[in-house]
Protein chains: 2
Amino acid sequence: MLKIKMYTSAMLLLRRCHSLTRFGPLNTQRHQVTPAVVSCAVRLWSSSSEDGGSYQRAHGPRWRHGLAGLLAGTGAVLAYGLHHHKAEQQDSSTVQTIKKTSAFPIISQEEVTTHRSLEHGIWVTFKGGVYDITEFVAMHPGGDKILLAAGGALEPFWALYAVHNQEHVLEMLSEYKVGELSAEDVKKQRAIKTSDPYSTEPERHPALHINNLKPFNAEPPPELLSDSFITPSAIFFKRNHLPVPQVDAASYQLHIEGLPGGVLTLSLEELKTRFPKHTITATLQCAGNRRSEMNKVKQVKGLNWGIAAISNATWGGARLRDVLLAAGYSPDVAQRAFHVQFEGLDKDVTGTTYGASIPLNKAVNEEGDVLLAYEMNGQDIPPDHGYPVRAVVPGTVGARNVKWLGKIIVSAEESSSHWQQNDYKGFAPGTDWDTVDFKSAPAIQELPIQSAITVPTDGAVVDRSSEEVTVKGYAWSGGGREVVRVDVSLDGGKTWQVAQMRSSEKGQAPGPSPPPGRAWAWKLWEVTAPLPAEAQELEIVCKAVDNSYNMQPDTVPPIWNLRGVLSNAWHRVKVEIREDDNEE
Amino acid sequence: MLKIKMYTSAMLLLRRCHSLTRFGPLNTQRHQVTPAVVSCAVRLWSSSSEDGGSYQRAHGPRWRHGLAGLLAGTGAVLAYGLHHHKAEQQDSSTVQTIKKTSAFPIISQEEVTTHRSLEHGIWVTFKGGVYDITEFVAMHPGGDKILLAAGGALEPFWALYAVHNQEHVLEMLSEYKVGELSAEDVKKQRAIKTSDPYSTEPERHPALHINNLKPFNAEPPPELLSDSFITPSAIFFKRNHLPVPQVDAASYQLHIEGLPGGVLTLSLEELKTRFPKHTITATLQCAGNRRSEMNKVKQVKGLNWGIAAISNATWGGARLRDVLLAAGYSPDVAQRAFHVQFEGLDKDVTGTTYGASIPLNKAVNEEGDVLLAYEMNGQDIPPDHGYPVRAVVPGTVGARNVKWLGKIIVSAEESSSHWQQNDYKGFAPGTDWDTVDFKSAPAIQELPIQSAITVPTDGAVVDRSSEEVTVKGYAWSGGGREVVRVDVSLDGGKTWQVAQMRSSEKGQAPGPSPPPGRAWAWKLWEVTAPLPAEAQELEIVCKAVDNSYNMQPDTVPPIWNLRGVLSNAWHRVKVEIREDDNEE
């Protein structure tokens, strides 16, 4: 697939370098890719974006609009950039003028169906129009999946990825129009009912702030988050990549592959009864938590999470270690296998499931505490969180805690899924979509030290008469590293005081300290401090320290990355102090 | 001991609060400590140091001089502060005037010997003088050890801790003079030859930059450090806390205690032959590496290390895990024991050995790779590095890698040593010596992400004609976390480029990647970049990222701590660009 994509991409650029005219509907000329072509492509891209600032300003609103709702997928920024570049070229092209004024030919579905390969072009239909999107394939934010619509209708795909229902997407599509679908074929298409795969999604708590509806992505209000040490499941942040699958617990099967014992298949009942139930309290955090702060520095690609894409729950289930042992795992296996892959039961229309992997040693280590969880906060795991079984990989980025778990594969290689290979990785601030090499960075597993202020919120007003201010928040670190201190500043980081931390519900005694390297749960913290006499505004800042003495970086720009992940700089909120009126 | 110390300290402060006259030689009055007294003490201290800036300016040079060479030990800053405070009070005291003009009485050694308790006062002799240091005990930077000299001569102690041989120390002592030792006793004292415990120390490489001679503490020049992936033993940084012990390999014994098998005693030969030899390449770093950068923000207590208190070597030895299993370790032990203590054979005159501990799970984990090493870089471990056997605890702060290992104790508690309990811990920047509670912070084990620039050095000059600049350095992270990226900036952190890293000697192929969580060795890195056309000066900055995506904090002040440990902010060097002359 990658090969095809590179081919298409290079094709596209080759044409530009050679100043070929824009493709016509029947232009199926294809060339072999050479390194020189790629280098030409890079030059081209550089020349169109060298003045990055003004380019972005000129295209800013549309660009941002396009990005805000985009589904995760490699190359979106690059795609939109290339598209704009193309559009600019077209403006001065006579071909464009001709096309605009010409009536579109009537095309049959039969004809459309013949254009389903790069060799013969990629055509699709949408609402009675026929589009040759061959050139767009390489720019598609969702990657190669677009090829699956080749020769057919876009509608069933767009029903899955609701992000397409935006005006600018339609605008882009319109530029590729090559004909009208015959009236007869349009009629036939309408007869095929397109069901919305999201129509059976569960009801959600009204307090949630929704970042994306389909797939569902939402976070709780920060002030609710720090109210409870254990986050109620209903407001636990939700990050789905695909529609929530409807899984029948009675017929549910979990398959474990890649071990000497052959494939082990377990029913839910077997998972519950054959293995001891193990309970841990663990915080999960999305790699994109606090992405909105990176967006303020420079637009990134991804859901615009606030500070609440993190929550803490008690999970109950079988230890993955125990299940792997039952499936034939022995230390010998570690000589040839290094990863444990998880496949979800959530899938797109093509049948591609969500997937991710973790290192084998995390999975089999007695102290790794990886669960095949069937309980969340003492109840069956809710549909949004992976009913009936999900992986809980404590200390590890949310993306590896695969929900609706269908298959476990012990393997020599990491998961080949998009989310393992081409997403959820960190890059240097200077790396852009035209230079990024996803192979050059490791998949995020353990997350770095993190903390944020939940109360007060940015822009809040405090009355001078209250004399003091109470600041609350959370702190957590990946890899089982315990948070040992949270420093809070009211003056933007000049002076600091140490917050009180708790690792239990307010008023309850904390449980025993976690063993070293197994501090999976966050800590909530609080500071009450007098309002500084002179200040009219407070810049409240927090930073946490874990027991490896790693600390949060001071500022966002040096950790900015094109995907907006790993946003863990000091958290800052500004609060206004309102002087009291002298009345009364 | 702690109780005694607190008692003395409180006594001292009680006197001040009650405006008692300065103690006379025979004043042995003692009171019970009450919280009110302690609070009074805090107030006193606060009042003398509230204007911290001007206080420090006024006493700056002497203060700094006093601190620079101080041996590690709790409370040094507090001690000197209290001492100055006392001196100020004395200036306006008539008692002082009287004392200055009075001739000192002749006192016999017999009389001195009666003053060896807090109840009867603590007297010592030094070069024929008799001193009542009762008040100074609580202020002594080296802690309670001073009590061991009670009733006798200071000389043997000062021979051990050469840091005392400074003018300001003698000055301080002179204020406590209460008499002259009888001529006869002076003669007797001279007859006792005081040998220098440092006289048998090994020869050292002349390239080393010596931070302290006795005990020996030295680091290599940075530019040598980045020359070799494996640091030659001769220039490997050296951090001794006590004199290097002379250990006879033939009679050497290692004792392993605290396990069901009883005490296991191993000779060097047995350690080498009964257990498989395991070899790892691991970087060791002193907690105080880069302390000098913290000193630039505000004076801290400790050796003024540059950026080279870090080195990388290949270590060979028995796995601690294997030895513990031979001594009777089984998983049951982990129900009652949580630490493994190491005791060195290096000791002070009182017989107190250097000691430290690590968590039991690090010691027994198959992936912990803790060694009882008898080889360094393929040869016997040199005397400065722990001959014949030292602990190598990869990923863990140097202080736990105990040298000249004599005893291993599996225990419920951490090591009770000063270095585990009251040193090598991190605190908030607002924590000062008058507020520090050593119990409130965990002993440093795993170290945070670190990197520094070795070439060019700060203040170097680059000729414009060279057109480019090459920047080199090292990067390492604790806990076996692999460094995955180093970013380098030439403009003080505004823009960044990614450095090339290597994990082998230059020109040699790198070995296989370390398994996850076992990246014990540093990486050396390099960037060659064109000199910016307009710049007259470069501010070169580096920052590293490990595979938990922890990053170095931007600046020093927010991570400043009173002990000057964990100094891992971005490293910065300034380089001047010299424009070429137009001649020729």
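Lettering follows sequence order; numbering is per chain, from 1.
Looking at A:Q552, the atoms closer than 4.5 Å to chain B (heavy atoms on both sides) all sit in the backbone: N, CA, C or O. For A:T555, the parts lying under 4.5 angstrom from a heavy atom of chain B are both the backbone and the side chain. Contacts of A:K494 with chain B are absent, with no heavy-atom separation under 4.5 Å from either backbone or side chain. Both the backbone and the side chain of A:A441 come within contact range of chain B, with heavy atoms under 4.5 Å apart. With a threshold of 4.5 angstrom between heavy atoms, A:P557 does not approach chain B through any atom at all.
For the side-chain contact (heavy atoms from CB on, under 4.5 Å) test, residues two or more places apart in sequence or in another chain that qualify with A:P510 are A:S503, A:S504. Residues that satisfy the side-chain contact (heavy atoms from CB on, under 4.5 Å) test with B:V545, not counting sequence neighbours, are B:V484, B:R485, B:Y549, B:M551.
With a 4.5 Å cut-off on side-chain heavy atoms, B:P515 and A:N361 do not count as touching. For the pair A:L447 and B:S548, the minimum side-chain heavy-atom distance is 4.5 Å or more. The side-chain heavy atoms of A:N550 and B:R481, taken from C-beta on, include a pair separated by under 4.5 Å. Looking at B:K543 and A:P558, their side chains come closer than 4.5 Å, going by heavy atoms from C-beta outward.
Most heavy-atom pairs under 4.5 Å with chain B, from the set A:G430, A:P516, A:A569: that is A:P516. If you tally non-hydrogen atom pairs under 4.5 Å between each of A:G479, A:P553, A:A428 and chain B, the highest count goes to A:A428. If you tally non-hydrogen atom pairs under 4.5 Å between each of B:A443, B:S477, B:P359, B:P429 and chain A, the highest count goes to B:P429. Considering only heavy-atom pairs separated by less than 4.5 Å from chain A, the leading option among B:K362, B:Q497, B:E367 is B:E367.
Here B:D487 contributes atom CG and A:I559 contributes atom CD1; the two are 11.5 Å apart, rounded to the nearest 0.5 Å.
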